[in-house]
Amino acid sequence: MLTVTVCAAQPARTNPFHGSAEHIDAGRATFRIYCSPCHGIRAAGGDGPDLTRGIYEAGDSDANLFNVISDGVPGSEMSAFGGRMNNNSIWRIVAYLRSVTQDEPPDIPGDASRGRQIYQGKGGCSSCHRIAGKGGRLGPDLSRAGRTLGLARLRESVIAPNENITSGFDKVTVVTTTDGTIQGRQINIDNFSAQLMDSQEQIHSYLREEVRSIESERTSLMPSYAAVLSASELDDLLAYLVSLRGE
Ligand code: HEC
Ligand code: HEC
């Protein structure tokens, strides 16, 4: 009896719906509702990672996928879905993801080592971004960008940064009674004070009475590289960004 109870509380380790067309369709429908806003309508990535590559940081088995969907990734936008859907729904999503997995890695024509030179040289990217602890802080850390962002989102970030501002990195303009006008990335703004980081990475902090106005713009502090990089340089840079997968 006891063994049965324990087993019943644990999800199966193998996917009961693997390869079943009917369940894959159901999984696709659930995915569209809950997951596509971040992972893209075809699971190929959006603000969240591409899930069609068959390589997952969480581990590549069906059980690993089940667990990460159920438990989420702490400290990221990937929340736990275990409380919102039952085990069978999660398994159907896993079956769907397996059905769209490409065996080949995404076809990126660029050359990652040339891309790295562009990143460090012509692009000047490291003045604002950190990779493995090195670089600037005005923009987000890119150490894991190849895992956490899909190719389409990476491309868009470089050529059209205003399209999709990473949350927490809004550009704000604060007019102060003490220091004139300061522009930078918002660190914290509430009813009592405002903190921001300017392009020199200086942190400025003002009390409410020192602030004349605060304007938050939906524009990026990052310049667009659409006119700066050639098509082949952009491919090289993207190949490099996709290769950034943390340790
Ligand atoms: C609000 C945005 C968002 C939503 C909604 C979302 N995810 Fe995620 N997901 C992410 C992000 C961001 C990550 C990367 C987390 C990290 O590693 O930092 C992620 C990671 C994952 C991973 C792990 C990938 C890996 O390489 O280990 C899987 C699998 C996954 N999501 C599946 C799903 C499924 C299935 C749903 C819907 C039930 C879903 N996600 C909904 C943003 C989201
Ligand atoms: C002047 C500073 C600056 C420079 C230079 C810069 N960026 Fe950015 N970048 C930012 C800021 C700020 C953001 C966050 C706002 C946004 O989403 O546009 C950002 C966002 C990004 C993102 C999205 C990250 C995420 O987690 O959502 C990527 C990818 C990126 N930059 C890559 C690059 C690359 C590649 C270069 C060089 C070709 C570059 N950046 C140059 C400031 C910069």
Side-chain angles (χ1 to χ4, degrees), residues 27 30-40 43 45-60 62 64-82 84-85 89-90 92-94 96-97 115-116 118-131 135-151 153-171 184-186 197-201 218-226 228-229 233-234 236-238 240-242 244-246:
T30 313
F31 186 91
R32 291 218 164 147
I33 297 166
Y34 290 97
C35 323
S36 69
C38 294
H39 291 286
D47 287 351
D50 181 350
L51 300 176
T52 66
R53 286 188 291 209
I55 315 159
Y56 304 98
E57 189 167 5
D60 299 340
D62 280 1
N64 293 140
L65 276 183
F66 180 99
N67 289 340
V68 75
I69 297 166
S70 179
D71 302 342
V73 178
S76 84
E77 298 209 9
M78 178 64 199
S79 51
F81 287 87
R84 276 176 273 174
M85 49 182 78
S89 298
I90 296 178
R92 289 187 185 102
I93 294 176
V94 173
Y96 160 65
L97 290 176
R116 177 197 218 128
I118 294 164
Y119 181 94
Q120 288 164 345
K122 183 175 180 181
C125 318
S126 56
S127 66
C128 292
H129 292 283
R130 290 166 81 74
I131 293 175
R137 293 170 191 274
L138 198 60
D141 191 312
L142 298 180
S143 307
R144 296 166 70 248
R147 279 192 193 276
T148 57
L149 301 171
L151 181 59
R153 175 79 162 89
L154 288 170
R155 182 186 297 272
E156 183 190 70
S157 298
V158 175
I159 63 174
N162 292 335
E163 288 299 311
N164 199 335
I165 313 277
T166 309
S167 68
F169 288 86
D170 300 88
K171 173 178 174 179
R185 123 151 120 85
Q186 160 172 349
M197 179 192 279
D198 69 19
S199 55
Q200 267 67 56
E201 297 190 13
R218 293 305 285 163
T219 50
S220 180
L221 289 159
M222 174 166 159
S224 166
Y225 287 85
V228 177
L229 302 174
E233 285 173 327
L234 181 61
D236 292 342
L237 182 64
L238 289 172
Y240 174 58
L241 294 175
V242 165
L244 298 173
R245 312 184 69 81

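Order of listing sets the numbers, starting from 1, for every ligand and every atom in it.
Y225 meets the ring pair (Phe, Tyr, Trp, His ring centres under 6.0 Å) test with no other residue; sequence neighbours excluded. Under the salt bridge (Lys or Arg N to Asp or Glu O under 4.0 Å) criterion, D47 pairs with R153, not counting sequence neighbours.
The I165 neighbourhood of ligand 2 comprises atoms 15 (C), 16 (C), 17 (O), with distances under 4.0 Å to a heavy atom of that residue. Of all atoms in ligand 1, numbered sequentially from 1 with element shown, those under 4.0 Å from a heavy atom of T148 are 16 (C), 18 (O). Set against the non-hydrogen atoms of N164, the atoms of ligand 2 under 4.0 Å away are 17 (O). Atoms of ligand 2 lying under 4.0 Å from any heavy atom of F169, numbered from 1 in the order shown and given with element: 14 (C), 15 (C). Which parts of ligand 1 touch L65 is read off a 4.0 Å heavy-atom cut-off, strictly below it: atoms 29 (C). Within ligand 2, counting atoms from 1 as listed, the ones closer than 4.0 Å to a heavy atom of L237 are 35 (C), 38 (C). Below 4.0 Å from some heavy atom of L138 lie the following atoms of ligand 2, by number and element: 12 (C). Distances below 4.0 Å separate heavy atoms of L221 from the following atoms of ligand 2: 1 (C), 12 (C). Every atom of ligand 1 with a heavy atom of S76 under 4.0 Å away is listed here by number and element: 15 (C), 18 (O).
Distances shorter than 4.0 angstrom occur between a heavy atom of G124 and an atom of ligand 2. For D170, the closest heavy-atom approach to ligand 2 does not fall below 4.0 Å. Under a 4.0 Å heavy-atom criterion, K171 is not in contact with ligand 2.
Annotation: side chain of F31 is not in contact with side chain of R92 (no heavy-atom distance under 4.5 Å). Using a 4.5 Å cut-off on side-chain heavy atoms (C-beta onward), S199 and L221 make no contact. Annotation: side chain of I165 is in contact with side chain of R218 (closest heavy-atom distance under 4.5 Å). For the pair F81 and T30, the minimum side-chain heavy-atom distance is 4.5 Å or more. Using a 4.5 Å cut-off on side-chain heavy atoms (C-beta onward), Y56 and L51 make contact. Side-chain contact between R185 and K171 is absent, with no heavy atoms from C-beta onward closer than 4.5 Å. With a 4.5 Å cut-off on side-chain heavy atoms, L142 and Y119 count as touching.
Only the side chain of L149 comes within 4.0 Å of ligand 2, counting heavy atoms alone; its backbone N, CA, C and O stay farther away. If you look at Y56 next to ligand 1, the close heavy atoms, those under 4.0 Å, come from the backbone and the side chain alike. Neither the backbone nor the side chain of R185 comes within contact range of ligand 2; no heavy atom lies under 4.0 Å. Only the side chain of L154 comes within 4.0 Å of ligand 2, counting heavy atoms alone; its backbone N, CA, C and O stay farther away.
Considering backbone and side-chain atoms together, D47 places no N or O closer than 3.5 Å to any N or O of ligand 1. An N or O contact shorter than 3.5 Å links E57 to ligand 1 by distance.
N162 places a side-chain N or O within donor-acceptor distance of the main-chain N or O of S220, the cut-off being under 3.5 Å. With hydrogens and angles disregarded, a donor-acceptor distance shorter than 3.5 Å links the side chain of H39 to the backbone of P49. With hydrogens and angles disregarded, a donor-acceptor distance shorter than 3.5 Å links the side chain of T148 to the backbone of R144. Proximity of a side-chain donor or acceptor of S224 to a complementary backbone N or O of I159 within less than 3.5 Å is detected.
For atom 8 (Fe) of ligand 2, the set of protein N/O/S atoms nearer than 2.8 Å consists of H129 NE2, M222 SD, ordered by chain and number. Protein contacts to atom 8 (Fe) of ligand 1 involving N, O or S atoms at a distance below 2.8 Å are H39 NE2, M78 SD.
By the 6.0 Å contact criterion, CZ on R116 is open, its count of non-hydrogen atoms from other residues, nucleotides or ligands being 12 or less. By the neighbour-count criterion of 12 heavy atoms within 6.0 Å, atom CD of E201 is densely surrounded, having more than that number from other residues, nucleotides or ligands. When the shell of 6.0 Å around CZ of F169 is examined, it contains more than 12 heavy atoms from other residues, nucleotides or ligands.
Nearest non-hydrogen protein atom to atom 25 (C) of ligand 2 is T166 OG1, 3.4 Å. At the shortest separation from atom 16 (C) of ligand 1 among protein heavy atoms lies R144 NH2, 3.6 Å. When only non-hydrogen protein atoms are considered, atom 27 (O) of ligand 1 lies nearest to A58 N, 2.8 Å.
The closest non-hydrogen atom to atom 5 (C) of ligand 2, taken over Y119, Y225, Y240, comes from Y225.
Look at R245 and E57 and you find no salt bridge, because none of the NZ, NE, NH1 or NH2 atoms lies under 4.0 Å from a carboxylate O.
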Stepwise side-chain contact (heavy atoms from CB on, under 4.5 Å) test for I131 and Y240
CA-CA 12 Å; I131 293 175; Y240 174 58; 3.5 Å; yes
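A donor and an acceptor atom, one from each side chain of S79 and R84, are located under 3.5 Å apart.
The shortest heavy-atom contact between G135 and R130 is O-NH1, 3.0 Å.
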